[in-house]
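Working notes, structure below.
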Amino acid sequence: MTRSVRRIRRTGWTGRSLRTRRSLLSLRAPLRALGAGAAALLVLSGCSSSDTGSDAAKSGSSANPSGTVTVFAAASLQESFTTLGKEFEKQHPGTKVTFSFAGSDSLAASITGGAPADVFAAASPTTMALVTDEKDAVGTPATFVRNQLEIATLPGNPDKVSSLKDLTRSGLKVVLCDKTVPCGSAAEKALQASNLRLTPVSYEQDVKSALTKVELKEADAAVVYKTDVQAAGDKVEGVAFPESAKAINDYPIALLKNAPNPGAAKAFIELVRSAQGQKVLTGAGFLTP
Amino acid sequence: MPLPLLLPALAGLAFLLLPLLALLVRAPWRSLPEQLTSAQVWEALRLSLVCATAATALSLVIGVPLAWLLARADFPGRGLVRALVTLPLVLPPVVGGVALLLALGRNGVVGQWLDTWFGITLPFTTAGVILAETFVAMPFLVISVEGTLRAADPRYEEAATTLGASRFTAFRRVTLPLIMPGIAAGSVLAWARALGEFGATITFAGNFPGRTQTMPLAVYLALQNDPAAAIALSLVLLAVSIAVLAGLRDRWMTTS
């Protein structure tokens, strides 16, 4: 950093002195601009080198994890994984867990596209397969929880929705997850199993977007996970339906091949699968595998 | 040609063109005809073109008078109003979508009255897509037209009014022809921005094929499970954008 400051000072000085020698200006001015550009580059690289410094401190074994763990997790895991992340940081001082919560398919696309993640927790084996097919995961993914669908309705259930069939009533605004997302494919499976045809007003890009549309009262109902209904508290009302038993999602978790911090990543997966982790997850409404 | 300008300029050009080139290089040319003949692609493309055009038309109807107000009328707080008008330019589109939901949604500040009085609900409809696109794209038109208005000499309008024309006639017959290049340029910008709109649209209008699923939404969702289809869709959008921009440039924008 000091080098770059010195460089800026020097270019400043030559700049001033050059003004007296106009004949040289046309030749030196480009050099001056190059100098300023180089100084800017030095400043930039100076900033990023401090980051790589902390990267070096990240390498840790499973026994003594340290540094940052980056976890890509399905949107439905948001609440329970945030709790587990805080627990992990408490158990292993000096670690930091950063999450990216989104639709599993979108996360899988990021991972196969080269996103620097350590752990991937998907909401369906299909979306996990997108990653394992590209050989981007280490070993076989382990199922750590299962999740069941539920209908989320407005508080107090003003439309008196009591079954999956009620959602096909005309005039009722229903949102589903897009078929590319696990909650969407599960909803489709449940609808097919009961021979129902449902035309939603929208196919949302992940389960939380679908739930939000009901929370904002823009939609009358959404087919989401039981865990999402529970996490939303009294902003929505859950209606269980028997067909959901035919579309229970397995949630697999895997260590990623290009994990920047595999040691701490393994420790995080251990925590998720431990009795303590399972307690947090079942407390959020997940089913044990 | 000074080298310190030329080199960054070439780097800038390469930076902008490289991703587009990559799209062409990795395009699934063999399966392309098959990808592009699916009904969903054409539905999304048709919807995109219709909505972007409608959003531009709406922007013209309410945006040009707004630009006139900002450039010609003198009122306290004009600077603040101008800043507020340009806000959607810097606002993340998703935030715009959320704001639209809170304002015009079924349960929104204004939307609940639209629903109870007229039975109009905007989210999840094609009209919702047009509104979301207008919200994001109109500032481009307003800025462009306002700039042209400021550069245009107000004395022409004054001369027209002293010769007996009303203010509105002066605007229609003198100002409007004068600022046409600015309006054309602004419309093209707004149309292009509307065509590529994603965040506000998916947040406010949702995603349903044929009704609210525009090309950018189709590309995003296809990318998740069928990257080849996403690339094919992107190519179509790219080709349409280039064709329209090139076409309009030749016709209207060379004079500006």
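What you see is a predicted model, and the numbers here were worked out from it, not measured in a lab. To find a chain, count down the sequence lines: A is the first, B the second, and so on, and within it residues start at 1.
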*Is chain A contacted by the side chain of Thr203(B), its backbone, both, or neither, given a heavy-atom distance below 4.5 Å?*
backbone

*Where does Ile202(B) contact chain A at under 4.5 Å (heavy atoms): side chain, backbone, both or neither?*
both

Does any heavy atom of chain B fall under 4.5 Å from the side chain of [X], the backbone, both, or neither of them?
X         : result
Val175(A) : side chain
Leu216(A) : both
Lys213(A) : side chain
Ser209(A) : neither

_For Phe208(B) and Phe124(B), I'd like to know if the aromatic rings sit close, meaning centre-to-centre distance below 6.0 Å._
no

*Begin with the C-alpha distance, continue with both residues' side-chain angles, and end with the deciding distance and a verdict on side chain to side chain donor-acceptor pair (under 3.5 Å) for Gln40(B) and Ser38(B).*
CA-CA 5 Å; Gln40(B) 207 184 346; Ser38(B) 89; 5.5 Å; no

*Does one side chain, of Tyr220(B) or Asn207(B), offer a donor that lies under 3.5 Å from an acceptor on the other?*
no

*How about Ser76(A) and Tyr251(A): does a side-chain donor come under 3.5 Å of a side-chain acceptor?*
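Yes, side-chain donor-acceptor contact under 3.5 Å.
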
*Hey, are Asp220(A) and Arg106(B) close enough for a salt bridge, meaning a charged N less than 4.0 Å from a carboxylate O?*
yes

*Is Lys208(A) salt-bridged to Asp228(A), going by a charged N under 4.0 Å from an acidic O?*
yes

*Count the heavy-atom pairs under 4.5 Å between each of Pro200(A), Gly103(A), Ala219(A) and chain B, then report the option with the highest count.*
Pro200(A)

